[in-house]
Amino acid sequence: MAGEIKRRNYSPKTLTTYCKWVQRFGEHTEYMPVEAVTDDEARAFLTDLAVKADVVASTQNQAFNALLFLFRHILKRDYELGDSVVRAKVSKYIPTVLTRPEVDAALQGLKFPFDLIVGVLYGSGLRLSECLNLRVGDLDFEEGLVIVHDGKGQKDRSVPMPKKLQDELRRQLARVAQQLERDLESPDFGGVFMPESLGKRRAQREAKELRWQWLFPAKALTLVPDEGRYRRYHSYRQHVSQAIRMAVRQAKITKRVTAHTFRHSFASHLLAANVDLRTIQELLGHADIKTTMIYTHTVQSRTKKEMISPLDL
């Protein structure tokens, strides 16, 4: 599984998720011999998830995709379930969205660098993983763009760089450059952690270049035992999440707020400003417009009640 997933350049999170579902599938079949596993076992497992485990549709789809990968790419077999699986009910999910004053209150309660991280989350509509994976070379100040590499689905896209953050982002680049100079003074410094998609030679050659450094680096270096050297990782998700919780509590916001809430707010506020839904879809990196359409439930309808001709608008 690990070899096939890495060869396709899927994310480590996908590997973890798929392996978890394959393990649960193994438990369901009581670890019967691999050659005896058929579509019938897969069908029974997915049906049990909906009927007995009462999972939501997205969770069942996740399991379905994991087993699809297992059958096609590991067991090298056809995987045809058709309509025979009981489908989990699709929940009517409406995302939590903050008002603009609530966003400002949360930002005011955050200390550096978390205020800048959340500013990018809200200002550019990024997922937390996308934001933390930004590198110095991903900022294009001349065009006013942030380039997202290997987002969800391994897709690249560009999003607007908030004008209000550009000066602070430039100062952050200067901090990163100063930190790199200090790191380079140590003979045990091996550079930054590099993307697995790069070849080993290129990764070793360029790991100490400024353009590859994380925009939001971790405070401490990480020891890589196999190399006997230290490398720099990016800021940790849990530290950002903890800072957001404290800021929200301090601002007395009663909504359940996570890092993803600021991405939801980005989309909802653009929609309220009459930005085209297709444009918002591209900015968010959604493969399907239906995913973006959930934000139509977070904005009050501005439909005119009176009869009017479009010629008069």
* Asked: Does the pair Val248 and Ile244 meet the rule for a side chain to side chain contact (heavy atoms under 4.5 Å, CB included), with working shown?
  -> CA-CA 6 Å; Val248 167; Ile244 290 173; 4.1 Å; yes
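- Between Leu126 and Arg263, every side-chain heavy-atom pair lies at or beyond the 4.5 Å cut-off.
- Taking all atoms of both residues into account, the shortest heavy-atom contact from Tyr295 to Leu271 is O-CD2, 3.4 Å.
- Evaluation of the ring pair (Phe, Tyr, Trp, His ring centres under 6.0 Å) test over residues 223-249, restricted to residues two or more places apart or in two chains, returns Phe193-Tyr233, Trp214-His234, Tyr233-Tyr236, Tyr236-His239.
- More than 12 heavy atoms of other residues, nucleotides or ligands sit less than 6.0 Å from atom NZ of Lys255.
- Judged by distance alone, the side chain of Gln281 and the main-chain N or O of Thr292 form no donor-acceptor pair under 3.5 Å.
- Side chain of Ser235 to backbone of Phe216: a donor-acceptor contact under 3.5 angstrom is found.
- Judged purely by atom type and a 3.5 angstrom limit, Ser158 has no side-chain atom pairing as donor or acceptor with the backbone of Val146.
- Checking side-chain atoms of Arg157 against main-chain N and O of Val148 turns up no donor-acceptor pair under 3.5 Å.
- In this structure Arg100 satisfies the side-chain hydrogen bond (donor to acceptor under 3.5 Å, both in side chains) test together with Asp104, sequence neighbours excluded.
- In this structure, the side chain of Gln60 does not engage the main chain of Ala57 through any donor-acceptor pair within 3.5 Å.
- Closest approach of Ala207 to Arg231, counting heavy atoms only: CB-NH1, 3.8 Å.
- A donor-acceptor pair is defined here as one N or O able to donate and one able to accept, closer than 3.5 Å; no such pair exists between the side chain of Lys20 and the backbone of Leu15.
- Environment of CE in Met293: sparse, with no more than 12 heavy atoms of neighbouring residues, nucleotides or ligands closer than 6.0 Å.
- Nearest heavy atom pair, residue Pro187 against residue Arg229, reads O-NH2, 3.7 Å.
- Looking at residues two or more places apart in sequence or on another chain, you find a side-chain contact (heavy atoms from CB on, under 4.5 Å) between Arg256 and Thr258.
- Side-chain atoms of Arg77 do not come within 3.5 Å of backbone N or O of Asp39 as any donor-acceptor pair.
- More than 12 heavy atoms of other residues, nucleotides or ligands sit less than 6.0 Å from atom CZ of Arg211.
- Judged purely by atom type and a 3.5 angstrom limit, Glu130 uses its side chain to pair as donor or acceptor with the backbone of Arg127.
- The main-chain N or O of Val275 is never found under 3.5 Å from a side-chain atom of Thr279 such that the two would form a donor-acceptor pair.
- Taking Ile, Leu, Val, Met, Phe, Trp and Tyr as hydrophobic and joining them when side-chain heavy atoms fall under 4.5 Å apart, one finds Met246 isolated, its cluster having no other members.
- Residues forming a ring-ring contact (aromatic ring centres under 6.0 Å, His included) with Phe141 (at least two apart in sequence, or on another chain): none.
- Asp188 pairs by the side-chain hydrogen bond (donor to acceptor under 3.5 Å, both in side chains) definition with nothing, not counting sequence neighbours.
- Not a single side-chain hydrogen bond (donor to acceptor under 3.5 Å, both in side chains) links Thr29 to another residue, sequence neighbours left out.
- More than 12 heavy atoms of other residues, nucleotides or ligands sit less than 6.0 Å from atom CD of Gln238.
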What donor-acceptor contacts under 3.5 angstrom involve side-chain atoms of residues 170-184, with partners at least two apart or in another chain?
{"residue": "Arg171", "atom": "NE", "partner": "Glu168", "partner atom": "OE1", "Å": "3.0"}
{"residue": "Arg171", "atom": "NH2", "partner": "Glu168", "partner atom": "OE1", "Å": "2.8"}
{"residue": "Gln172", "atom": "OE1", "partner": "Arg175", "partner atom": "NH1", "Å": "2.8"}
{"residue": "Gln172", "atom": "NE2", "partner": "Leu215", "partner atom": "O", "Å": "2.8"}
{"residue": "Arg175", "atom": "NH1", "partner": "Glu168", "partner atom": "OE2", "Å": "3.3"}
{"residue": "Arg175", "atom": "NH2", "partner": "Glu168", "partner atom": "OE2", "Å": "3.0"}
{"residue": "Asp183", "atom": "OD1", "partner": "Arg232", "partner atom": "NH2", "Å": "2.8"}
{"residue": "Asp183", "atom": "OD2", "partner": "Arg232", "partner atom": "NE", "Å": "3.3"}
{"residue": "Asp183", "atom": "OD2", "partner": "Arg232", "partner atom": "NH2", "Å": "3.0"}

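- Qualifying side-chain hydrogen bond (donor to acceptor under 3.5 Å, both in side chains) partners for Asp138, counting only residues two or more places apart in sequence or in other chains: His149.
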* **Stepwise side chain to side chain contact (heavy atoms under 4.5 Å, CB included) check, His264 with Thr298** => CA-CA 9 Å; His264 290 321; Thr298 67; over 6 Å; no
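- With rounding to the nearest 0.5 angstrom, the CG atom of Leu128 is 6.0 Å from the OG atom of Ser241.
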Please table the atom pairs, donor to acceptor, closer than 3.5 Å between any side-chain atom in residues 114-125 and protein atoms at least two apart or in another chain.
{"residue": "Tyr122", "atom": "OH", "partner": "His269", "partner atom": "ND1", "Å": "2.8"}
{"residue": "Ser124", "atom": "OG", "partner": "Pro160", "partner atom": "O", "Å": "2.9"}

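- Remark: Glu27 engages Gln23, Arg24, Tyr31 in a side-chain contact (heavy atoms from CB on, under 4.5 Å) (not counting sequence neighbours).
- With salt bridges taken as basic N to acidic carboxylate O contacts below 4.0 Å, none links Glu102 and Lys252.
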Residues 67-76, side-chain donor-acceptor partners within the protein, below 3.5 Å, at least two apart:
{"residue": "His73", "atom": "ND1", "partner": "Arg8", "partner atom": "NH2", "Å": "3.0"}
{"residue": "Lys76", "atom": "NZ", "partner": "His73", "partner atom": "O", "Å": "3.1"}

